[in-house]
Structure formats: structure tokens, C-alpha cells
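In what follows, a structure is listed as C-alpha cells, so that the remarks can point back to it.
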Amino acid sequence: IYIAMEVEISVPSEASNWWEEERYTDGSKWKFLEHKGPVFAPPYEPLPSNVKFYYDGKHMKLSPGAEEVATFFAKMLDHEYTTKDIFRKNFFKDWRKVGENKSLVNTFACQISQTSIQSRVIKIKAENERLLQEYGFCIMDNHKERIANFRIEPPGLFRGRGDHPKMGMLKRRIRPQDIIINCSKDSEHPKPPPGTKWKEVRHDNKVTWLVSWTENIQGSIKYIMLNPSSRIKGEKDWQKYETARRLKKCVDRIRNQYREDWKSKEMRIRQRAVALYFIDKLALRAGNEKEEGETADTVGCCSLRVEHIKLYPENDGQEYVVEFDFLGKDSIRYYNKVPVEKRVFKNLQLFMENKEPDDDLFDRLNTSVLNKHLQELMDGLTAKVFRTYNASITLQQQLKELTSAKILSYNRANRAVAILCNHQRAPPKTFEKSMQNLQTKIDAKRGQLSDAKRDLKSAKADAKIRRDEKSKKTVETKKKAVQRIEEQLMKLEVQATDREENKQIALGTSKLNYLDPRISVAWCKKWGIPVEKIYNKTQREKFAWAIDMAEDDYEF
DNA sequence: CGGCCTGACTCGGGTGTTGGCAA
DNA sequence: CTTGCCAACACCCGAGTCAGGCC
């Protein structure tokens, strides 16, 4: 029976790991692709008739469509942004387009009962599980792969990040006729819901997405794609780190080059060289131009404006200090004061001459010019490779330096990278409280410890007098208890330090997107730390290739 | 070439849910 | 064993990057 089972249950063999398979060389991403299509947002269920809508003090009957949009607003009532002018204006404008209330609504004297809406929250776990099993997977070539986002985004009110000019606009419901399906010809095509049609079914194996539609706020395309654990994502991720490792080999040459270029006769070359220096040294993002009025006003390196930096020939005893202060991606503030080389400083002065605060700092430069130049320096080199490279190399160096209290060290190394990449978060709402709780726990633990120590002492004294087996045993148990409590106390103290240091720093992004996982895996192997301490289940799935490949001597 | 636009993909912090643990 | 809390996690969906095509 045992043998039969071994044969029956085919344990995934070595060869079934995608990283041990051959890649396509013709630019195609797959040969076979079959899936069940998207899951649509559940239809709107009108409110029961006892829930009334009041406008300007008067009871009003809304069309189902208008009512739905009203509930979108109601759901957000406890958020600050519903009080914002732009949000309200955008919402109202879109709301009036829905149903027959065009001429009716124009001010905000309305009240919508929020509790009545919250009370309608229904969740069915079993249904979710069924949907996951049915729609959550696809077949790509010879693998069954998990899909990242098989649910279509439900309608609602758009909330961009930062000061977004389109906040409050209605994000409309996506219907089957908005959907483009991508799958292979020889697969069983997904069926649209009864009585509906897809916009299109295509068979494009030069792309990785399964489903796409156009979103109505920015007019951009949204996709359904595979989970990070999939071959197609993993391969790309691996490739990303390999590119960064190639940069490691030639980064000295490139650095020498841009330092030379600081002296160039040509303005565009000087600008390019200074920008590249920032990208390298400060891990700034490239900074594409953005359409004004369409999104929040944020910048990256190439789109930096004069108003975003200040020059100090001398500051706090340091020479040639540049102060950066701007809103970057997701309107996260970047604030940093850095001493720079004299030549960089002089160049910046030159770039800022005769300019207004809202003029571009690098007026002869944009991301496409920069990336074309980088491409010439190294195959596959773009601005963001520097971020990956500097993040990973920093982690590796930090891990080499820090050795005691392993997990804390790892988190500190991770933190150094997050700081480099400016990955910030709002301190958790409950931070102060939970910190206090932790402190009381620590105090309690300390009390416990001294109690346990006292117990131990008396037990020892007791044992000395009695000299029997039983009291000896008691001493042993008490000793163990003291030890256990000491360990617990240590753990708590480490936790407190860790949490305090982590207050405003988001570790997730760098861990998931910038740090070559093989560095972490190798570190775990070297110090005999279970990889589970560093990566949770999802992360282990994403980085399965790295966990399998990296030995303890892996060098980034 | 350069400006502009589109498409496809990675990166990003926030939030709702859950499960593990201490009281 | 039950309960209540909180951190960890999964998911969400917006915001970037970058290449390629067109004029």
C-alpha cells in the first residue's frame, strides 16, 4: 500500500519548478492559456423601504441608480475627505448625471443614514471559497496558476491619493460588454453571464494578462493578471534582480562616468549626470512628466522643480548641503538634507539661475532621455534598476555588519533600506496605545520575574534544609520558570525596540519589491534561522524560486 | 529626433479580516 | 474553556515606470 501511494500521489518533482524549465526565446509569454474570466461585482440591492432619503429636510424617492450612488457617499461619511470641497463637487456633478434627479440636487443639506447601510453587510465565507476555486485559477502552459485579482473592482467613489483633483468622482460599474478576454485559441473560452457579451475575445500571447477593461476616471486600462507565485511573475522578478546584479559589476564605471559628465560643456549632459547622481545616491525615482490637473502634483528626480530644493553652501558644519522637500509617489513627502560634492552643488546653482520656483530644475532632461543614455551604458539598465541595486546591496552589507539578536538585526537592515527608498507610513492609529500596553506588559513581566526569583530562592533554601528529591525537583521547576520568564521579557523588550523604530516606516514594499530574496534566504541558512521567521506563507510562495536556489554563500 | 500617447507591467500605502495569544 | 484584543496578513486599487508606435 505504501509503495502504491508513493506512485499515486505524485510529489511535485524537481522538474515541475518553473525556474528549472526553459524560457521562451521568441518573445511569447505563453503557448496555452485557459481561464474562467472575471467575477463581477454583485448587483446593487436597493435599500429596504423603511430607509428614507432626505434632501433639504424633505423626504425624497430616488431612482435605484441614484440611490446606489448615494450609498457610496454614505459609506464614506466617516472619512475626512467627504468634507472636502473638490470631493463634494465631483461627487455631486457625477451624481446628478445618474437617474432623474438632475435638476433637484445642488447643495449638501442632505443626510443619509449611515447605520442603515452598515447593517446590510453580508458576507458568505463558503461563497467566497467557491468563487476562489472556480475563478481563482487558470492554466498557463503546463501549470495551474493562482490569479491575483479575479474580481472586477466594484463601483464606488474614486479616492485618489494626496490632493487629487478627481476625488469623489463616480467610478462606474464594469459590465461584460466592457471586458476584453485574453486566452489561447485552443482553450475553452470563458463564457459571459447569460444574456451578455464580451467586448472582445483575443489571443495575444505577447502579453501576460487574462482580462482587461478601461476604467472611467483616468481612462487607463486595468488588468487581471497572475499571482506573484506564478511562473510568469517569478521569472520576471528573478530577471529584475539579475539585472541589478549586472549593474553591480559596472556601477563603478558608471559612477566615474557621471562624475566626469559633471564637467561637460553641454548643459543637457551635466543635468543628466547630476540627476543620475541623485538617483544613485538617494534612490530617487525617475520622475515622468504628468498631465497637470489629472492627478495630484507629485514629482520624481527628472520632474523636480526649483522650489523643491534649497542650497546651503554651509549648514550645521557641513559644506554644500542640498535640502530636498517634495511630494513623491503616492504624495509621500520626501524630506532630506544631504551634503553633496562641490561640483554637484555648483551645477545645481547653475541649473537654478534665472528660474522661477515652478520651473523644472532639469529643463534639458526627461526620463526617456535619461533611460536611453542608461541603456547605452548597460543592456537593460533603467533608472529604477538603481533603486533595486542600492536596496539589495544595502541589505547585504547591513546583514554582514549586524550579527547579534538576529531577527532584530534583520529588521534593522530592512529598515535601512526602507529609509533609503523613503517607504513611509502613517503611524498606526493605535500606536501609542499598543506601545503603552506593551510597556505595561513588560512591567508586569518584570514583576513576575522578581516574584519567580524570590520563589526560586526560597525553594533553594528549602531544598538545602530538606535535602530530598521532591524539593530538588521544585528547585528545578522554579529555575525553569525563571528562565522562561527571562526569555519572555527579552522577547518583549526586543519587540518594543523593534516597534518603536518601525513607527513611521513601511517595511513591506522593500521586502516584496526591492530586496533580492536570495540574500535573505542565504542569511537564514548561514545563521540557521528558519526562513519562516523572515517570510510568511505568501512571501514564501512568491520567493519559492529563491528559497530553492540560494545557498548560504550566495552573493548578490 | 522629439513630443505625445498608449499599453503593460511593477510598485505603493491603506484597510478590512483573521487567527493566535493572553487574560 | 471563553473572550477580547491586536498584529499579521490578504486584498485593494491607485500611482508609478518604461517601451514602442505614430506623426
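Chain letters run A, B, ... following the sequence lines, proteins first and then strands; every chain starts at 1.
Atom NZ in A/K542 sits about 15 Å away from atom P in C/dC9, given to the nearest Å. Between the CE atom of A/M167 and the P atom of C/dA15 there is a distance of 10 Å, rounded to whole Å. Between the CD atom of A/E289 and the C1' atom of B/dC4 there is a distance of 10 Å, rounded to whole Å. Atom-to-atom, OH of A/Y514 to P of B/dT10 comes out at 12 Å; the value is rounded to the nearest Å. Residue A/R268 contributes atom CZ, which lies 8 Å from atom P of B/dG2 at whole-angstrom precision. As a whole-Å value, the separation of A/L327 CG from C/dG16 P is 10 Å. Taking atom CG of A/D204 as the reference point, atom P of B/dG7 lies 12 Å away to the nearest angstrom. When rounded to the nearest whole Å, the span between CG of A/N371 and C1' of C/dG20 equals 13 Å.
No contact: A/G300 has no heavy atom under 4.0 Å from any strand. Across all strands, A/K236 comes closer than 4.0 Å only to sugar-phosphate atoms, never to a base (heavy-atom distances). At the heavy-atom level, A/K29 lies under 4.0 Å from the strands shown only through sugar-phosphate atoms. Within 4.0 Å (heavy atoms only), A/R333 reaches no atom of the nucleic acid at all. Across all strands shown, A/A296 has no heavy atoms under 4.0 Å from either base or sugar-phosphate atoms. At a threshold of 4.0 angstrom between heavy atoms, the contacts of A/I217 with the nucleic acid are absent. Here A/T298 lies in heavy-atom contact (under 4.0 Å) with sugar-phosphate atoms only.
Dashed line: the shortest gap from a side-chain N or O of A/T509 to OP1 or OP2 of B/dC11 is not under 4.0 Å. For the OP1/OP2 pair of B/dT10 and a distance below 4.0 Å, the side-chain nitrogens and oxygens of A/R387 include no atom meeting the criterion. For C/dT17, one of the phosphate oxygens OP1 or OP2 lies less than 4.0 angstrom from a side-chain nitrogen or oxygen of A/N288. Taking 4.0 angstrom as the limit, A/K384 places none of its side-chain polar atoms (N or O) nearer than this to OP1 or OP2 of C/dG16. Regarding contacts with the backbone of C/dA10, a side-chain N or O of A/T538 is found under 4.0 angstrom from either OP1 or OP2. Residue A/K290 places at least one side-chain N or O under 4.0 Å from the OP1 or OP2 atom of C/dG16. A sub-4.0 Å separation between OP1 or OP2 of B/dC9 and a side-chain N or O of A/T208 is present. Within the structure, every side-chain polar atom (N or O) of A/R285 is placed at least 4.0 Å from both OP1 and OP2 of B/dT10.
Between A/T295 and A/Q375, the one whose closest nucleotide on DNA chain C sits nearer the 5' end is A/T295. Nearest-nucleotide assignment on DNA chain B puts the 5′-proximal partner with A/I221, out of A/G508 and A/I221. When the nearest nucleotides of DNA chain B are assigned to A/Q424 and A/N366 by heavy-atom distance, the more 5′-ward of the two goes with A/N366.
Judged by a 6.0 Å distance limit and a 45° cone about the ring axis, A/K31 is positioned over the six-membered ring of A/Y24. Geometric assessment of A/K166 against the ring of A/F158 yields a negative cation-pi assignment under the 6.0 Å and 45° thresholds.
Comment: A/E153 does not engage A/R173 in a salt bridge, judged by the lack of any side-chain N to carboxylate O separation of less than 4.0 angstrom. A/K537 and A/E541 are joined by a salt bridge, as a carboxylate oxygen and a charged side-chain nitrogen come within less than 4.0 angstrom of each other. A salt bridge between A/R305 and A/D363 is absent, with no side-chain N of the basic residue lying under 4.0 Å from a carboxylate O of the acidic one.
Using cut-offs of 30° and 60° on the angle between ring planes, the pair A/Y535 and A/F543 is tilted.
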Look for any protein N or O under 3.5 Å of an N or O in nucleotides 12-14 of chain C and output each such pair with its distance, or none.
{"from": "C/dG14", "atom 1": "OP1", "to": "A/K171", "atom 2": "NZ", "distance (Å)": "3.1"}
{"from": "C/dG14", "atom 1": "OP2", "to": "A/K222", "atom 2": "NZ", "distance (Å)": "2.9"}
{"from": "C/dG14", "atom 1": "N3", "to": "A/R161", "atom 2": "NH2", "distance (Å)": "2.8"}

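Applying the side-chain contact (heavy atoms from CB on, under 4.5 Å) test between A/R364 and each of A/R272, A/R270, A/M267 identifies A/M267 as the sole match.
More than 12 heavy atoms of other residues, nucleotides or ligands sit less than 6.0 Å from atom NZ of A/K542.
Atom CG in A/N366 sits 10.5 Å away from atom OG in A/S303 (nearest 0.5 Å).
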